[in-house]
Amino acid sequence: MMTTGKAIIETGWNLDNSYARLPKTFFTNQNPIPVRSPKLIILNDSLAASLGLDVQALQSKEGIAVLAGNQIPEGALPLAQAYAGHQFGNFTLLGDGRALLLGEQITPLGERVDIQLKGSGRTPYSRRGDGRAALGPMLREYIISEAMRALGIATTRSLAVVTTGESIMRETDQPGAILTRVAASHLRVGTFQYVSNWGSVDDLRVLADYTVQRHFSEAEAGTTPYLFLLQEVIKRQAVLIAQWQLVGFIHGVMNTDNMALSGETIDYGPCAFMDAYDPTTVFSSIDMHGRYAYGNQPHIAGWNLARFAETLLPLLDANQDQAIKLAQDEISKFTELYHYHWLTGMRKKLGLFNEDMQDESLIESLLSMMHKYHADYTNTFRALTFDTQSDNALFCSTEFAQWYELWQARLDRQQEAKASSQQLMKSSNPALIPRNHRVEAALDAAVKQGDYSVMKHLLNVLSNPYAHSPEQTDYSTPPARSAHPYRTFCGT
Ligand code: AMP
Ligand code: MG
């Protein structure tokens, strides 16, 4: 018998398909459409290892074929998920139009995570789209999702990006690419909206039970698992949105199909980080009315959660008036919960360990000064952390001098030493965020010149945002104020 002499390395795929065992109306079985000549652009070694996947095997021809959708890994049952969603407030039937769930990887720690290919070709939900994705946006998702992870914010992860060797038509021809996304699940508010509109109450119960089991298994023992499901989803969103606000992250398309029930940030389209503090900041080119502006994100999250609660009404109580009351009571708690997490986080950003009635007004007056003087959000907190107020308009103002005295007096009223406060601030105020001009420079070098070194260096400095290391200083400079506001584009 002929042998190649090469040892065959097992990749380590350990896939289960619990979603594929749900009612058939929830999805469509669909294989990826093969691509011409896949090339691995970036692989997330540490994520691969934590999934129990062999990095070397993933880099082999066979490994890359899987990441490109040219080969189906053992145990996979590829499918496109059906979902609906309110897009900018309008309800639409959607579904995975350019993504496929390969299966759920059971990790060495026994966790279950979705493995999804994004950009893997047309599906029955593609509508007029080509089912493909361009290299720039897929690398953008890779960079921002990994940066969010490093910031300590729940997020889907990026395992790899491969180019397809095919070009796709956008405004200009673009290299095609596929991202392998890893998520706690792809259950969305929109998944429930889909089943609530087009399925039976039994289907809805199956979906709710599945969601509880997958993400909130502690709820099973309770006598009101569906109310508990609503409460838990609300709790996780309150934490998540507070974290977004605290680092200045703007999602850009908070449609109900882009809100994951796991509490992870999902679907990095036209997202970006705010430089100068301004609650009206919008980056997305299609967000004409500022629906998803920075300052509006908590309100929109509440709105999306209300849409989620509506889908659960048939399960909450046989008496629909009672069900509505239960749902409204829970939804009304979101604002307060969100505010609690935001305030807790803001206190940490200012080095405060305990609570004082005046804290909120102290924080609000700092933010309104930052707004007035166009101060950079991240760098203002960093300067306060290290007491290195430079000669910008904010720090030179008398208003700030007065505020600073109040803040110092407040710090003096707590028992902890200044050094402990500074430590708290260092771990609550990132040295850097993925600045838009840095991300664009990395994507430009990658897409236009095939030079991935800029992106890799950026990923490296972003991987430990609380290190406050000297090499991060360079990356913390905000862009020069430009006549043209920064714009991001969706669904490309
Ligand atoms: P998004 O705005 O990325 O959340 O996408 C909204 C919907 O459009 C989802 O159902 C996507 O699957 C679908 N979609 C986005 N881009 C494409 C594409 N190029 N081809 C097919 N469907 C797409
Ligand atoms: Mg989406």
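Numbers for residues simply follow the sequence, beginning at 1. Remember, it's 1-based here, ligands and their atoms both numbered in the order they're listed.
If you look at Y83 next to ligand 1, the close heavy atoms, those under 4.0 Å, all belong to the side chain.
Of the N and O atoms on the side chains of N14 and Q105, not one donor lies less than 3.5 Å from an acceptor on the other residue. No hydrogens or angles considered: nothing links the side chains of E62 and Q71 as a donor-acceptor pair under 3.5 Å. Side chains of W244 and T265: a donor on one and an acceptor on the other come within 3.5 Å.
Look at D16 and R21 and you find a salt bridge, because one of the NZ, NE, NH1 or NH2 atoms lies within 4.0 Å of a carboxylate O, short of that distance. Ion pairing between a basic and an acidic side chain is recognised when a charged N comes within 4.0 Å of a carboxylate O; E440 and R140 show such pairing.
Among G97, A99, P137, the residue whose heavy atom lies nearest to atom 22 (N) of ligand 1 is G97. Of the options R128, R188, K118, R98, the smallest heavy-atom separation from atom 14 (N) of ligand 1 is shown by R98. Here the shortest heavy-atom distance to atom 6 (C) of ligand 1, taken over R122, R132, Q87, belongs to Q87.
When each atom of ligand 1 is checked for a heavy atom of R127 under 4.0 Å away, the hits are 7 (C), 8 (O). In summary, the atoms of ligand 1 found under 4.0 Å from a heavy atom of G95, numbered by their order in the structure, are 9 (C), 10 (O), 12 (O). Set against the non-hydrogen atoms of N258, the atoms of ligand 1 under 4.0 Å away are 4 (O). Counting atoms of ligand 1 from 1 in the listed order, those under 4.0 Å from a heavy atom of G131 are 18 (C), 19 (N), 20 (N), 21 (C). Less than 4.0 angstrom separates some heavy atom of D257 from each of these atoms of ligand 1: 4 (O).
Screening D267, L101, D114 for a side chain to side chain contact (heavy atoms under 4.5 Å, CB included) with R181, the sole residue that qualifies is D267. With P23 as the partner, the side chain to side chain contact (heavy atoms under 4.5 Å, CB included) test is satisfied by one option alone out of D202, V195, D203, L207: D203. Of the residues listed (D287, N258, N255), the one engaging Y292 in a side chain to side chain donor-acceptor pair (under 3.5 Å) is N255, and it is the only one. For the side chain to side chain donor-acceptor pair (under 3.5 Å) with S185, the lone residue among R214, H215, E264 that qualifies is H215.
For the pair V253 and ligand 1, no heavy-atom separation below 4.0 Å is found. Note on ligand 1: R170 sits in its first shell, one or more heavy atoms being nearer than 4.0 Å. Heavy atoms of G269 stay at 4.0 angstrom or farther from ligand 1.
With a 6.0 Å cutoff to the six-membered ring centre and a 45° limit on the axis angle, R438 counts as a cation-pi contact of Y475.
The tally of protein N/O/S atoms under 2.8 Å from the Mg ion (ligand 2) stands at 2.
Polar contact with ligand 1: absent for Y125 (N/O pair, distance under 3.5 Å). Taking distance alone, with nitrogen or oxygen atoms compared against 3.5 Å, D96 stays at or beyond that limit from ligand 1.
E104 places a side-chain N or O within 3.5 Å of a backbone atom of Y19 that can act as its donor or acceptor partner.
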With a cut-off of 3.5 Å and sequence neighbours excluded, list every side-chain donor-acceptor pair involving residues 339-346.
residue : atom : partner : partner atom : Å
H339    : NE2  : E360    : OE1          : 3.3
H339    : NE2  : E360    : OE2          : 2.7
T344    : OG1  : Y340    : O            : 2.6

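Outside the 6.0 Å centre-distance limit, the rings of Y194 and Y83 are not counted as a close aromatic pair.
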